[in-house]
K.L.:
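Sharing a structure with you now.
Keep in mind it's a predicted model, so treat the numbers as computed, not measured.
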Amino acid sequence: MLTLSIGIITRNRYHDLIRCVTSIENSIDHCITNGGGLSIGELVISNDGSEITVKDIRYTWKVIEGPKKGIGANRNNIIDNINGEYILITDDDMEFPVDFIKKSLEKLLTVNRNIVLTGRLKDTEGYITPTEPDFWGYRRIPIDISQQPRGFSDPVTWFPVNCFSKCRFDDSVTYGPTEMDFSYQLRFNGYEITYMPELWAIHWGENRTSVTLNKAHMEFSRIYYTLRRYHSWERSTLNLLLFRILELPRLTVALTRKMGLKGILLAFHAFVKANVQFERGKHSMERELEDTSSHSII
C-alpha cells in the first residue's frame, strides 16, 4: 500500500481544469478497481486565477487560493498542503490516460524513497522526452541518454514527499522551466531521477501570452537558473565565469537576428534582471547550504 497525493495548479482555465480532474479521477478508479493497493492522501487544486467552483466530480478536491506570484510559488503552495509518500504536481492543461496511476504505483512500489519518477509528454506532434540543460541552460539533451538524469517533465513526475524538506521551487520565477533548477536541487540533496517512458500524459496547452513576453520570461529564467546551477549546485567557478562573460553577447546576436532592435533590448533586460536576482539571493543560498550538514538522504 502506498499513499499518493495529487496537486493541480490552475489559472483561469476552467474547462482545461475539469478535463484534467476527470482524467485523474478515471485513473484513480481504474487503479482501485484493478487492485493496485492505492491509498489517496490529498487531492489539491491551487488556484492562481479568479474564483472557481469544481462541479461534477467524484472525489473530494481541496481548492486553495494560490499566492498569485507565478508558477514556482504556486507549486510550493501545493507542497505546503499535501501529505502521503509521493506527490504528483501537474498543470490544468494535462489529460492522463486511464492506466497512468496504476503504472505509476506499480513502479513506485519497487523503488527506494530517494527516487523521483518521471515520464514524458504527448502533444499533437508525438511524444516528448524530458531533457536536461546544456552549457547555456537550453534544455536540449534527452535524459534517456544520460546515466544520471538532470531533468524531468514537470506535469508527469512523482516526487517523494520527504524531498520537500530540502528542495523548493523558486518563488522568484513567474514563468519558465521550474524543473531545470529543481532537478539540480534534487541531485545535490541525494535524490535520483528515474525515467519511465511508458508513463505519459497528453499536454493540451496553448500559450495565450504574447510571444515577446514569453520569450522575456523564458530567457530570464534560463539565465537565472544557469547562474544558480554553476554557483550552488555544480560549484563550478570556471563555468560560472565563462557563462557570465559569454552569455550576453551570444544572446544579443541570437535575438537580434530573430527580432531586430527588440531582440537587443530583450537580451540586455533578461541578462541584467537574472544577474540582479541571482546576486540578491546568492548570500542567503550560501547560508542555507552551509547549514546542511550532509547532502545525502540515505
Side-chain angles (χ1 to χ4, degrees), residues 9 11 48 66-77 91 130-141 150-154 166-189 207 209-290:
I9 60 172
R11 184 177 182 273
D48 243 3
K68 297 178 173 57
K69 294 180 180 179
I71 190 170
N74 210 10
R75 291 187 184 281
N76 286 332
N77 198 38
D91 301 325
T131 54
E132 58 186 52
D134 61 12
F135 172 82
W136 303 105
Y138 290 108
R139 293 173 297 166
R140 293 170 171 162
I141 306 172
R150 291 172 172 81
F152 55 83
S153 293
D154 257 350
K166 300 179 180 180
C167 307
R168 301 281 290 185
F169 291 97
D170 193 272
D171 287 357
S172 62
V173 173
T174 58
Y175 180 85
T178 55
E179 70 274 16
M180 193 168 91
D181 182 73
F182 200 79
S183 63
Y184 278 89
Q185 290 187 53
L186 290 167
R187 294 290 308 174
F188 182 82
N189 285 289
N207 243 315
T209 314
S210 73
V211 173
T212 300
L213 183 58
N214 272 350
K215 188 66 174 173
H217 282 311
M218 292 297 288
E219 294 296 354
F220 158 73
S221 61
R222 176 187 60 82
I223 296 169
Y224 171 64
Y225 284 150
T226 304
L227 292 171
R228 281 169 56 98
R229 165 188 166 190
Y230 290 139
H231 173 265
S232 300
W233 313 127
E234 292 189 350
R235 303 293 184 90
S236 175
T237 303
L238 177 60
N239 281 349
L240 179 62
L241 178 63
L242 288 174
F243 181 75
R244 285 187 128 167
I245 292 173
L246 300 174
E247 172 57 16
L248 181 57
R250 185 207 65 79
L251 182 62
T252 301
V253 170
L255 293 185
T256 301
R257 289 173 176 170
K258 292 181 179 180
M259 306 171 67
L261 178 60
K262 186 181 291 185
I264 298 175
L265 299 175
L266 192 154
F268 182 78
H269 180 263
F271 183 80
V272 171
K273 181 181 177 183
N275 275 271
V276 169
Q277 184 64 45
F278 168 71
E279 290 296 333
R280 187 178 296 158
K282 182 171 69 173
H283 298 299
S284 62
M285 279 195 64
E286 288 173 347
R287 287 194 297 269
E288 290 175 9
L289 294 174
E290 287 172 2

K.L.:
Can you tell me how far the CG atom of L246 sits from the CG atom of L251, to the nearest 0.5 Å?
P.N.:
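Interatomic distance, L246 CG to L251 CG, rounded to 0.5 Å: 12.5 Å.
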K.L.:
Should E247 and R222 count as an ion pair when the cut-off is N to O under 4.0 Å?
P.N.:
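Between R222 and E247 there is a salt bridge, with a charged N closer than 4.0 Å to a carboxylate O.
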K.L.:
What pair of heavy atoms forms the shortest contact from G137 to T226, and how long is it?
P.N.:
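Heavy atoms of G137 and T226 come nearest at CA-OG1, 3.4 Å.
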K.L.:
State whether the number of non-hydrogen atoms from other residues, nucleotides or ligands found under 6.0 Å of Y138 atom OH is greater than 12.
P.N.:
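More than 12 within 6.0 Å, yes.
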K.L.:
Enter the distance from H269:NE2 to F220:CZ here, rounded to the nearest 0.5 Å.
P.N.:
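Here the rounded value is 9.0 Å.
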K.L.:
If you take the centroid of each ring, where Trp contributes its six-membered ring, are Y184 and F188 closer together than 6.0 Å?
P.N.:
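Not under 6.0 Å, so no.
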K.L.:
Give the minimum heavy-atom separation between S221 and P177, together with the two atoms involved.
P.N.:
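Answer, listing the atom of S221 first, then P177: OG-CD, 3.1 Å.
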K.L.:
Does this structure show an ion pair linking D91 with R75, if we count only N-O contacts that are shorter than 4.0 Å?
P.N.:
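Judged by the 4.0 Å cut-off on N to carboxylate O distance, D91 and R75 do form a salt bridge.
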K.L.:
Taking the six-membered ring of W136 (Phe, Tyr or Trp), confirm whether the NZ or CZ of R250 is under 6.0 Å from its centre and within 45° of its axis.
P.N.:
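Yes, a cation-pi geometry.
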K.L.:
Working to the nearest 0.5 Å, report the span between CZ of F268 and OG1 of T252.
P.N.:
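If we round to the nearest 0.5 Å, F268:CZ and T252:OG1 are 9.0 Å apart.
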K.L.:
Using the rule given for side chain to side chain contact (heavy atoms under 4.5 Å, CB included), can you reason through K215 versus L255, listing the C-alpha separation, both sets of side-chain angles and the distance that settles it, and then say yes or no?
P.N.:
CA-CA 10 Å; K215 188 66 174 173; L255 293 185; 3.5 Å; yes
K.L.:
How far apart are the C-alpha atoms of L261 and T256, what are their side-chain angles, what is the distance that settles it, and do they pass the side chain to side chain contact (heavy atoms under 4.5 Å, CB included) test?
P.N.:
CA-CA 6 Å; L261 178 60; T256 301; over 6 Å; no
K.L.:
Between F169 and F182 (judged by ring centroids, cut-off 6.0 Å), do the two rings come close enough to count as a pair?
P.N.:
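Centroid separation for F169 and F182: below 6.0 Å.
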K.L.:
Do the side chain of N275 and the main chain of F271 share a donor and acceptor less than 3.5 angstrom apart?
P.N.:
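A pair under 3.5 Å: yes.
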K.L.:
Grab the two heavy atoms, one from P130 and one from S153, that are nearest each other, plus how far apart they are.
P.N.:
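In this case the closest contact between P130 and S153 is CG-OG, 3.2 Å.
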K.L.:
Heavy atoms, side chains only, cut-off 4.5 Å: are R139 and M180 in contact?
P.N.:
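Yes, side chains in contact.
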K.L.:
For the residue pair R150 and P133, what are the closest heavy atoms and their distance?
P.N.:
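Looking at all heavy atoms of both residues, the closest pair is O-CD, 3.8 Å.
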K.L.:
As an exercise, state the distance from CG of N74 to CG of D171, rounded to the nearest 0.5 Å.
P.N.:
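Spacing of CG (N74) from CG (D171) equals 10.0 Å.
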K.L.:
Could you check F152 against D154 for side chain to side chain contact (heavy atoms under 4.5 Å, CB included), going step by step and ending with a plain yes or no?
P.N.:
CA-CA 6 Å; F152 55 83; D154 257 350; 3.0 Å; yes
K.L.:
Write down the atom of I141, the atom of D134, and the distance for their closest heavy-atom approach.
P.N.:
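For I141 versus D134, the nearest heavy atoms are CD1-CA, 4.0 Å.
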K.L.:
Mind checking the CG-OG1 spacing from L241 to T237? Nearest 0.5 Å is all I need.
P.N.:
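The distance works out to 8.5 Å.
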K.L.:
Looking at K68, is its backbone amide N or carbonyl O close enough to the side chain of D48 to form a donor-acceptor pair, meaning the two atoms are under 3.5 Å apart?
P.N.:
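Pair found, side chain donor or acceptor close to backbone of K68.
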K.L.:
Measuring centre to centre across the rings, with the benzene-like ring taken for any Trp, is Y230 within less than 6.0 Å of F135?
P.N.:
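Between Y230 and F135, the centre distance is under 6.0 Å.
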K.L.:
Do you know the tightest heavy-atom contact between S183 and G151?
P.N.:
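Taking S183 first and G151 second, the nearest heavy atoms are CB-N, 3.9 Å.
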K.L.:
Would R244 and E279 count as a salt bridge (charged side-chain N to carboxylate O under 4.0 Å, His left out) here? Give the steps.
P.N.:
CA-CA 12 Å; R244 285 187 128 167; E279 290 296 333; 2.8 Å; yes
K.L.:
Does one side chain, of T178 or D170, offer a donor that lies under 3.5 Å from an acceptor on the other?
P.N.:
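Their side chains do not contain a donor-acceptor pair, so the 3.5 Å distance test is not met.
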K.L.:
Quick one: does Q185's side chain have a donor or acceptor within less than 3.5 Å of a partner on R168's backbone?
P.N.:
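Yes; at least one donor-acceptor contact below 3.5 Å.
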K.L.:
Roughly how far, to the nearest 0.5 Å, is CH2 of W233 from CZ of R228?
P.N.:
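One gets 5.5 Å once the value is rounded to the nearest 0.5 Å.
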